> 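Would you mind keeping the following structure in view while I ask a few things?
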Number of protein chains: 2
Amino acid sequence: MPSTQTDYPAFAVTVDLVVFTLRGGELNVLLVTRGEAPFAGQPALPGGFVQPSENLDAAARRELTEETSVHEVGGHLEQLGSYGDPDRDPRQRVVTVAYLALAPDLPEPVAGTDAAAAFWLPVAKAIELPLAFDHAQILADALERARAKLEYTNLATAFCPAEFTVSDLREVYEAIWGHPLDPRNFHRKLTGTAGLLIDSGKVRRDGPGRPATVFRAGPTTTLNPPITREP
Amino acid sequence: MPSTQTDYPAFAVTVDLVVFTLRGGELNVLLVTRGEAPFAGQPALPGGFVQPSENLDAAARRELTEETSVHEVGGHLEQLGSYGDPDRDPRQRVVTVAYLALAPDLPEPVAGTDAAAAFWLPVAKAIELPLAFDHAQILADALERARAKLEYTNLATAFCPAEFTVSDLREVYEAIWGHPLDPRNFHRKLTGTAGLLIDSGKVRRDGPGRPATVFRAGPTTTLNPPITREP
DNA sequence: TCAATAGTGTCTGTAAGACAGTATTGT
DNA sequence: ACAATACTGTCTTACAGACACTATTGA
């Protein structure tokens, strides 16, 4: 019996975003307040249906733009994984493809846009909230992914603007791992990895203290050997 | 306007499997020959539609059982990622969730079962084949994932039966990374990682040479620091 | 006895972690 | 001057990589 165009179960496919940023030295995640059932009024990850003509990455990037009102978010966007338990949405069968997005400090969501219902919340608080659907699990997985990738990639630069100092990077690590790092050894490790950081020639003065060299991200994206998380 | 059960694009959702095993010291992947259009007669990864009542992991495990005719495959099964380009299937919009499965040496597919069209092929050959859909990309991603995870996990044990020797493990690494490792340093590294290997008390005699201690996988699943791939 | 494989010891170079010390700023 | 931050040097320890050496087997 040949298969036809209809002899398969129909699914809805969505993308959900875990957008991390640093605000005031603390890791924050973008949440929305749901306006409709199910879970009306509850916090959730931003996301939406994949459109017929776009691929998954494009859907994620479109949602990111819509929800943040920022056109070129920069930073980093990668697929995290898919979640498709039969009862994860009580209305219908939905498979969601979760994405992890990392962004430099973004403006507050703007009223009068799709992003009006969106808000930043420190991750420490978000993981204690009863998020809609299975979003608590997705957030937990995203956090672990981000923590793990800091160890062996230059992912921390995605949280910074194009030009940054070694201290900026260290603060990213400290915020995400939740414990302080030795500034001297950290500096030696990062500046000692060839191709990771490019000296911009500039320096930055912030209050007292010796001015810091300003770098840009270089072609090297992996740290070998990695920085270990355990202190 | 409230959303209804129908105001979303309908997708088909499938799972595709990249099943790796070791046969004769060589990494092999399970392929099927497609019987229907599109890509009829071409090799493809095994897979199928997700059923309405099962979650993604269950669908992957079901397909694995069906395609290999082996009930408890053991080994390892993890989600690799999702692929959903609008034109990846010419018939309809299909999102596939790819899984990576690692198994000890499995029997040849049995005629008269769903697995009849399935066959093992060395990965080195498979990556040169024009696989159906975007399966070449999925296979490449799976291979890279497996190679990377050997560095910092005990994933190699998934290719071995419950009891194995250090040499067995080393052969897994050599097959997947494609270059020899120093048996002495490898032995010291693995036996020196606490909780990774449990001495079964037995030894194994294979031809000439001192008998090898037989181990089982221990509770430790990560290697820290990792084994580096570069020779 | 010899070849083969398992496992140990030892050396060298690299780099992490700890921390003293120097450099350069704002106040 | 002083506090604060950026950076450099030095010491110790851990471990990878190289490889000589011992242990235990089949032929």
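Proteins come first, then strands; the chains are lettered A, B, ... in the order of their sequence lines, and each starts at number 1. All figures in this text were calculated on a predicted structure; none of them were measured in a lab.
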> Just to verify, what does Arg145(A) make a salt bridge (charged side-chain N to carboxylate O under 4.0 Å, His left out) with, not counting sequence neighbours?
Glu78(A)
> For Arg204(B) and dG7(C), what is the distance between atoms CZ and P respectively, to the nearest whole Å?
11 Å
> What is the distance from CZ of Arg205(A) to C1' of dT24(C), rounded to the nearest Å?
9 Å
> Nearest whole Å is fine: how far is dA6(C) P from Leu190(B) CG?
13 Å
> Using atom types as modelled and distance alone, determine if a side-chain donor or acceptor of His187(A) lies under 3.5 Å from a backbone N or O of Arg170(A).
no
> Using atom CZ of Phe186(A) as one end and atom P of dA16(C) as the other, report the distance to the nearest whole Å.
12 Å
> Mark up nucleotides 5-16 of chain D, 5' to 3', with B wherever a protein heavy atom is under 4.0 angstrom from a base atom, S wherever such an atom reaches only the sugar-phosphate, and - elsewhere.
BBBB-B-----S
> From CG of Asp182(B) over to P of dT8(C), roughly how many Å is that when rounded to an integer?
14 Å
> On the 0 to 90° scale, with breaks at 30° and 60°, tag the Tyr173(B)-Trp177(B) ring pair as parallel, tilted or perpendicular.
perpendicular
> Consider only side-chain N and O atoms of Tyr83(B) and Asp16(B), and report whether a donor and an acceptor are under 3.5 Å apart.
no
> State, to 0.1 Å, how close Leu150(A) and Ala156(A) come at their nearest heavy-atom pair, and which atoms those are.
CD2-N, 3.6 Å
> Compare all side-chain heavy atoms of Ile127(A) with those of Val29(A) and state whether any distance is below 4.5 angstrom.
no
